[in-house]
*Asks:* 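Before anything else, here's the structure in question.
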Amino acid sequence: MTAIRLQDAALARFARQGFDATSLAEIAADVGIKKPSIYAHFQSKDELYLSLIPRLVEAELEHAGQVLHGGQGAVGQLRAYLQDIRTRYENSEHVAFWFKALLAPPLHIYDAVMAPMHVFMDSLEDIIRTAIKGSPLAGNRRGLSIETLTLTYMGLIDALQSELIYGGTDKFERRLDAMWQVFETAAGDIER
(Lines give C-alpha, C1' and ligand atoms only; values in the text may rest on other atoms or scores of the structure.)
Protein backbone atom coordinates (compact mmCIF):
# COMPACT_ATOMS: atom_id res chain seq x y z
CA MET A 1 0.00 0.00 0.00
CA THR A 2 2.84 2.40 0.79
CA ALA A 3 4.37 1.85 -2.68
CA ILE A 4 1.14 3.01 -4.33
CA ARG A 5 0.92 5.99 -1.99
CA LEU A 6 4.52 6.85 -2.85
CA GLN A 7 3.75 6.59 -6.56
CA ASP A 8 0.71 8.84 -6.19
CA ALA A 9 2.67 11.43 -4.22
CA ALA A 10 5.59 11.27 -6.66
CA LEU A 11 3.30 11.64 -9.64
CA ALA A 12 1.72 14.76 -8.14
CA ARG A 13 5.13 16.29 -7.37
CA PHE A 14 6.62 15.40 -10.76
CA ALA A 15 3.54 16.83 -12.52
CA ARG A 16 3.75 20.13 -10.65
CA GLN A 17 7.49 20.58 -10.18
CA GLY A 18 9.17 18.34 -12.72
CA PHE A 19 11.70 15.61 -12.06
CA ASP A 20 14.72 17.73 -11.17
CA ALA A 21 12.89 20.03 -8.75
CA THR A 22 11.31 17.14 -6.84
CA SER A 23 13.14 15.56 -3.93
CA LEU A 24 12.57 12.21 -2.30
CA ALA A 25 12.28 14.03 1.03
CA GLU A 26 9.27 15.97 -0.31
CA ILE A 27 7.63 12.79 -1.57
CA ALA A 28 8.24 11.05 1.75
CA ALA A 29 6.77 14.01 3.66
CA ASP A 30 3.68 13.96 1.42
CA VAL A 31 3.11 10.33 2.39
CA GLY A 32 3.98 10.87 6.05
CA ILE A 33 7.13 8.76 6.19
CA LYS A 34 10.84 9.45 6.47
CA LYS A 35 12.96 9.57 3.32
CA PRO A 36 14.91 6.35 4.10
CA SER A 37 11.61 4.44 4.19
CA ILE A 38 11.21 5.04 0.46
CA TYR A 39 14.13 2.71 -0.18
CA ALA A 40 12.12 -0.23 1.12
CA HIS A 41 9.97 0.20 -2.01
CA PHE A 42 12.14 1.96 -4.60
CA GLN A 43 15.92 1.98 -4.95
CA SER A 44 16.06 5.54 -6.29
CA LYS A 45 14.10 8.50 -7.54
CA ASP A 46 14.73 7.20 -11.06
CA GLU A 47 13.12 3.86 -10.24
CA LEU A 48 10.15 5.60 -8.61
CA TYR A 49 9.71 7.81 -11.68
CA LEU A 50 9.97 4.87 -14.08
CA SER A 51 7.45 2.88 -12.05
CA LEU A 52 4.83 5.47 -13.01
CA ILE A 53 5.15 4.99 -16.76
CA PRO A 54 3.39 1.58 -17.06
CA ARG A 55 0.50 2.81 -14.91
CA LEU A 56 0.05 5.84 -17.13
CA VAL A 57 0.39 3.89 -20.37
CA GLU A 58 -2.40 1.57 -19.26
CA ALA A 59 -4.65 4.45 -18.17
CA GLU A 60 -4.08 6.42 -21.37
CA LEU A 61 -4.79 3.46 -23.63
CA GLU A 62 -7.93 2.67 -21.67
CA HIS A 63 -9.09 6.28 -22.00
CA ALA A 64 -8.41 6.35 -25.76
CA GLY A 65 -10.26 3.08 -26.22
CA GLN A 66 -13.28 4.33 -24.31
CA VAL A 67 -13.52 7.65 -26.15
CA LEU A 68 -12.73 6.41 -29.63
CA HIS A 69 -14.59 3.11 -29.67
CA GLY A 70 -17.69 3.97 -27.68
CA GLY A 71 -19.62 4.80 -30.86
CA GLN A 72 -17.66 2.90 -33.50
CA GLY A 73 -15.38 5.75 -34.46
CA ALA A 74 -17.79 8.55 -35.19
CA VAL A 75 -16.10 11.69 -36.46
CA GLY A 76 -17.37 13.58 -33.40
CA GLN A 77 -15.53 11.17 -31.13
CA LEU A 78 -12.29 11.76 -32.99
CA ARG A 79 -12.77 15.50 -32.45
CA ALA A 80 -13.77 14.96 -28.82
CA TYR A 81 -10.57 13.01 -28.14
CA LEU A 82 -8.51 15.96 -29.36
CA GLN A 83 -10.57 18.45 -27.35
CA ASP A 84 -10.18 16.22 -24.31
CA ILE A 85 -6.41 16.77 -24.40
CA ARG A 86 -6.89 20.23 -22.90
CA THR A 87 -9.58 19.24 -20.39
CA ARG A 88 -7.60 16.32 -19.06
CA TYR A 89 -4.34 18.28 -18.91
CA GLU A 90 -6.00 21.04 -16.88
CA ASN A 91 -7.76 18.67 -14.49
CA SER A 92 -5.46 15.69 -14.06
CA GLU A 93 -2.01 15.46 -12.52
CA HIS A 94 -1.68 12.13 -14.31
CA VAL A 95 -2.01 13.81 -17.69
CA ALA A 96 0.24 16.72 -16.71
CA PHE A 97 2.92 14.21 -15.70
CA TRP A 98 2.28 12.24 -18.89
CA PHE A 99 2.90 15.26 -21.11
CA LYS A 100 6.11 16.12 -19.30
CA ALA A 101 7.32 12.53 -19.57
CA LEU A 102 6.54 12.44 -23.29
CA LEU A 103 7.88 15.86 -24.22
CA ALA A 104 10.78 16.29 -21.82
CA PRO A 105 11.79 13.15 -19.96
CA PRO A 106 14.79 13.31 -17.63
CA LEU A 107 17.76 13.01 -19.96
CA HIS A 108 19.73 10.52 -17.89
CA ILE A 109 16.83 7.99 -18.10
CA TYR A 110 15.57 9.05 -21.53
CA ASP A 111 15.81 5.59 -23.13
CA ALA A 112 14.11 3.89 -20.18
CA VAL A 113 11.22 6.39 -20.34
CA MET A 114 10.85 6.38 -24.11
CA ALA A 115 10.91 2.60 -24.70
CA PRO A 116 7.43 2.06 -23.20
CA MET A 117 6.28 5.35 -24.72
CA HIS A 118 7.06 4.01 -28.20
CA VAL A 119 5.02 0.91 -27.44
CA PHE A 120 2.24 3.18 -26.19
CA MET A 121 2.30 5.27 -29.38
CA ASP A 122 2.04 2.12 -31.51
CA SER A 123 -0.93 0.94 -29.45
CA LEU A 124 -2.61 4.34 -29.62
CA GLU A 125 -2.07 4.37 -33.37
CA ASP A 126 -3.88 1.00 -33.57
CA ILE A 127 -6.82 2.38 -31.57
CA ILE A 128 -7.02 5.44 -33.81
CA ARG A 129 -6.71 3.35 -36.98
CA THR A 130 -9.66 1.21 -35.84
CA ALA A 131 -11.70 4.31 -34.98
CA ILE A 132 -11.03 5.88 -38.38
CA LYS A 133 -11.93 2.63 -40.16
CA GLY A 134 -15.32 2.76 -38.43
CA SER A 135 -15.96 6.42 -39.24
CA PRO A 136 -17.18 8.23 -42.34
CA LEU A 137 -13.57 9.35 -42.84
CA ALA A 138 -12.73 5.86 -44.10
CA GLY A 139 -14.81 6.38 -47.21
CA ASN A 140 -13.48 9.83 -47.99
CA ARG A 141 -13.88 11.06 -51.54
CA ARG A 142 -10.31 12.29 -51.75
CA GLY A 143 -8.93 8.77 -51.63
CA LEU A 144 -6.80 9.25 -48.51
CA SER A 145 -5.87 5.90 -47.03
CA ILE A 146 -6.73 4.84 -43.49
CA GLU A 147 -2.99 4.84 -42.80
CA THR A 148 -2.55 8.44 -44.02
CA LEU A 149 -5.50 9.61 -41.94
CA THR A 150 -4.22 7.73 -38.89
CA LEU A 151 -0.72 9.16 -39.10
CA THR A 152 -2.11 12.65 -39.70
CA TYR A 153 -4.34 12.32 -36.65
CA MET A 154 -1.33 11.21 -34.58
CA GLY A 155 0.43 14.36 -35.77
CA LEU A 156 -2.54 16.42 -34.59
CA ILE A 157 -2.19 14.91 -31.12
CA ASP A 158 1.53 15.73 -30.99
CA ALA A 159 1.03 19.30 -32.18
CA LEU A 160 -1.85 19.96 -29.78
CA GLN A 161 0.03 18.61 -26.77
CA SER A 162 3.02 20.80 -27.57
CA GLU A 163 0.85 23.86 -28.16
CA LEU A 164 -0.96 23.36 -24.88
CA ILE A 165 2.28 23.16 -22.91
CA TYR A 166 4.23 25.85 -24.71
CA GLY A 167 1.50 28.13 -26.07
CA GLY A 168 -1.33 27.88 -23.57
CA THR A 169 -5.04 27.21 -23.80
CA ASP A 170 -6.03 30.01 -26.17
CA LYS A 171 -3.46 28.98 -28.74
CA PHE A 172 -4.43 25.33 -28.21
CA GLU A 173 -8.06 26.12 -29.06
CA ARG A 174 -7.13 28.16 -32.13
CA ARG A 175 -4.82 25.43 -33.36
CA LEU A 176 -7.38 22.69 -32.68
CA ASP A 177 -10.10 24.51 -34.63
CA ALA A 178 -7.83 25.22 -37.60
CA MET A 179 -6.24 21.77 -37.75
CA TRP A 180 -9.55 19.95 -37.37
CA GLN A 181 -11.07 21.98 -40.21
CA VAL A 182 -8.15 21.07 -42.47
CA PHE A 183 -8.26 17.40 -41.37
CA GLU A 184 -11.97 17.10 -42.16
CA THR A 185 -11.65 18.97 -45.44
CA ALA A 186 -8.65 16.96 -46.56
CA ALA A 187 -10.50 13.77 -45.75
CA GLY A 188 -13.31 14.79 -48.04
CA ASP A 189 -16.20 17.01 -47.19
CA ILE A 190 -17.26 15.39 -43.94
CA GLU A 191 -20.46 16.78 -42.47
CA ARG A 192 -20.03 18.61 -39.19
Side-chain angles (χ1 to χ4, degrees), residues 7 11 15 50-105 110-167 169 171-192:
Q7 287 176 315
L11 187 141
L50 292 170
S51 77
L52 300 173
I53 304 297
R55 287 178 56 186
L56 295 172
V57 164
E58 183 179 334
E60 287 305 302
L61 290 176
E62 182 179 323
H63 174 74
Q66 288 173 351
V67 172
L68 295 172
H69 292 302
Q72 291 76 42
V75 175
Q77 289 171 286
L78 290 161
R79 172 85 155 92
Y81 183 77
L82 296 175
Q83 182 65 52
D84 207 25
I85 291 170
R86 174 187 172 184
T87 306
R88 294 180 71 232
Y89 178 74
E90 291 175 339
N91 298 311
S92 170
E93 289 175 333
H94 286 231
V95 176
F97 171 83
W98 180 254
F99 282 16
K100 288 179 181 172
L102 269 173
L103 297 173
Y110 179 88
D111 290 338
V113 172
M114 294 313 294
M117 293 296 196
H118 290 298
V119 173
F120 162 77
M121 296 302 278
D122 291 342
S123 298
L124 179 61
E125 193 173 301
D126 290 341
I127 291 169
I128 291 165
R129 185 177 296 107
T130 300
I132 289 174
K133 280 181 187 176
S135 80
L137 293 170
N140 70 84
R141 292 186 291 178
R142 302 209 191 270
L144 295 171
S145 70
I146 300 291
E147 193 63 17
T148 297
L149 292 170
T150 300
L151 294 175
T152 301
Y153 189 89
M154 291 293 289
L156 296 177
I157 293 170
D158 292 344
L160 289 168
Q161 289 174 341
S162 295
E163 188 64 49
L164 186 57
I165 291 199
Y166 300 116
T169 58
K171 287 184 178 182
F172 169 89
E173 290 298 333
R174 286 183 27 235
R175 184 171 287 191
L176 171 61
D177 290 341
M179 289 192 312
W180 185 254
Q181 185 177 357
V182 170
F183 183 76
E184 279 187 318
T185 301
D189 304 321
I190 303 301
E191 289 188 30
R192 292 175 205 199

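On a predicted model such as this, the values are computed, not experimentally measured, just so you know. In this chain, residues are counted from 1 in sequence order.
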*Asks:* Between Gln161 and Ile157, does the side-chain contact (heavy atoms from CB on, under 4.5 Å) criterion hold? Intermediate values first, please.
*Replies:* CA-CA 6 Å; Gln161 289 174 341; Ile157 293 170; 3.7 Å; yes
*Asks:* Identify, with sequence neighbours excluded, every residue that meets side-chain contact (heavy atoms from CB on, under 4.5 Å) alongside Glu93.
*Replies:* Leu11, Ala12, Ala15, Arg16
*Asks:* If you count the non-hydrogen atoms of other residues, nucleotides and ligands that lie under 6.0 Å from CD in Glu90, is the total more than 12?
*Replies:* yes
*Asks:* Apply side-chain contact (heavy atoms from CB on, under 4.5 Å) to the pair Val182 and Met179, showing each step before the final yes or no.
*Replies:* CA-CA 5 Å; Val182 170; Met179 289 192 312; 5.8 Å; no
*Asks:* Which heavy-atom pair separates Leu160 from Ile85 by the least distance, and what is that distance?
*Replies:*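 The pair with the smallest heavy-atom distance is CB-CD1, 4.2 Å.
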*Asks:* Using the six-membered ring wherever Trp is involved, compare the ring planes of Tyr153 and Trp180 and label them parallel, tilted or perpendicular (cut-offs 30° and 60°).
*Replies:*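 Perpendicular, since the angle between the ring planes exceeds 60°.
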*Asks:* Just how far is it from atom CG of Leu156 to atom CE of Met154, taken to the nearest 0.5 Å?
*Replies:*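 Answer for the CG-CE pair, Leu156 versus Met154, is 10.5 Å.
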*Asks:* Quick check for you: to the nearest 0.5 Å, what is the distance between Ile132 atom CD1 and Ile127 atom CD1?
*Replies:* 12.5 Å
*Asks:* For residues 111-125, dump all side-chain donor-acceptor pairs below 3.5 Å to protein atoms at least two apart in sequence or in another chain.
*Replies:*
{"residue": "Ser123", "atom": "OG", "partner": "Val119", "partner atom": "O", "Å": "3.2"}
{"residue": "Glu125", "atom": "OE2", "partner": "Arg129", "partner atom": "NH2", "Å": "2.8"}

*Asks:* Of the non-hydrogen atoms in Leu144 and Ala186, which two are nearest, and what is the gap between them?
*Replies:* CD1-O, 3.0 Å
*Asks:* Once salt bridge (charged side-chain N to carboxylate O under 4.0 Å, His left out) is applied, what residue pairs with a partner in residues 151-165 remain, sequence neighbours excluded?
*Replies:*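 Pairs touching residues 151-165 that pass the test: Glu163-Arg175.
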*Asks:* Using 0.5 Å steps for rounding, measure from the CD1 atom of Ile146 to the CG atom of Asn140.
*Replies:* 7.5 Å
*Asks:* Apply side-chain contact (heavy atoms from CB on, under 4.5 Å) to the pair Arg79 and Val75, showing each step before the final yes or no.
*Replies:* CA-CA 6 Å; Arg79 172 85 155 92; Val75 175; 5.7 Å; no
*Asks:* Give me the atom names and distance for the closest heavy-atom approach of Phe183 to Leu149.
*Replies:* CE1-O, 3.6 Å
*Asks:* What are the two closest non-hydrogen atoms of Ala101 and Ile53, and how far apart are they?
*Replies:*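 So the two residues come closest at CB-CD1, 4.1 Å.
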*Asks:* Tell me, please, which residues at least two apart from Thr169 pass side chain to side chain donor-acceptor pair (under 3.5 Å).
*Replies:* none
*Asks:* Closest heavy-atom contact between Leu78 and Ser135?
*Replies:*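 Where Leu78 meets Ser135 most closely, the heavy atoms are CD1-OG, 4.2 Å.
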*Asks:* Nearest 0.5 angstrom please: Thr150 OG1 to Leu137 CG, how far?
*Replies:* 9.5 Å
*Asks:* Could you pull out all residues at least two apart from Arg88 that satisfy side-chain contact (heavy atoms from CB on, under 4.5 Å)?
*Replies:*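 With sequence neighbours excluded, Arg88 shows a side-chain contact (heavy atoms from CB on, under 4.5 Å) to Glu60, His63, Asp84, Val95, given in chain and number order.
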*Asks:* To the nearest 0.5 Å, tell me how far Thr152 OG1 sits from Glu147 CD.
*Replies:* 9.5 Å
*Asks:* Not counting sequence neighbours, which residues clear side-chain contact (heavy atoms from CB on, under 4.5 Å) with Gln7? List them please.
*Replies:*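 Once residues adjacent in sequence are excluded, the partners of Gln7 under the side-chain contact (heavy atoms from CB on, under 4.5 Å) criterion are Ile4, Phe42, Leu48, Ser51, Leu52, Arg55.
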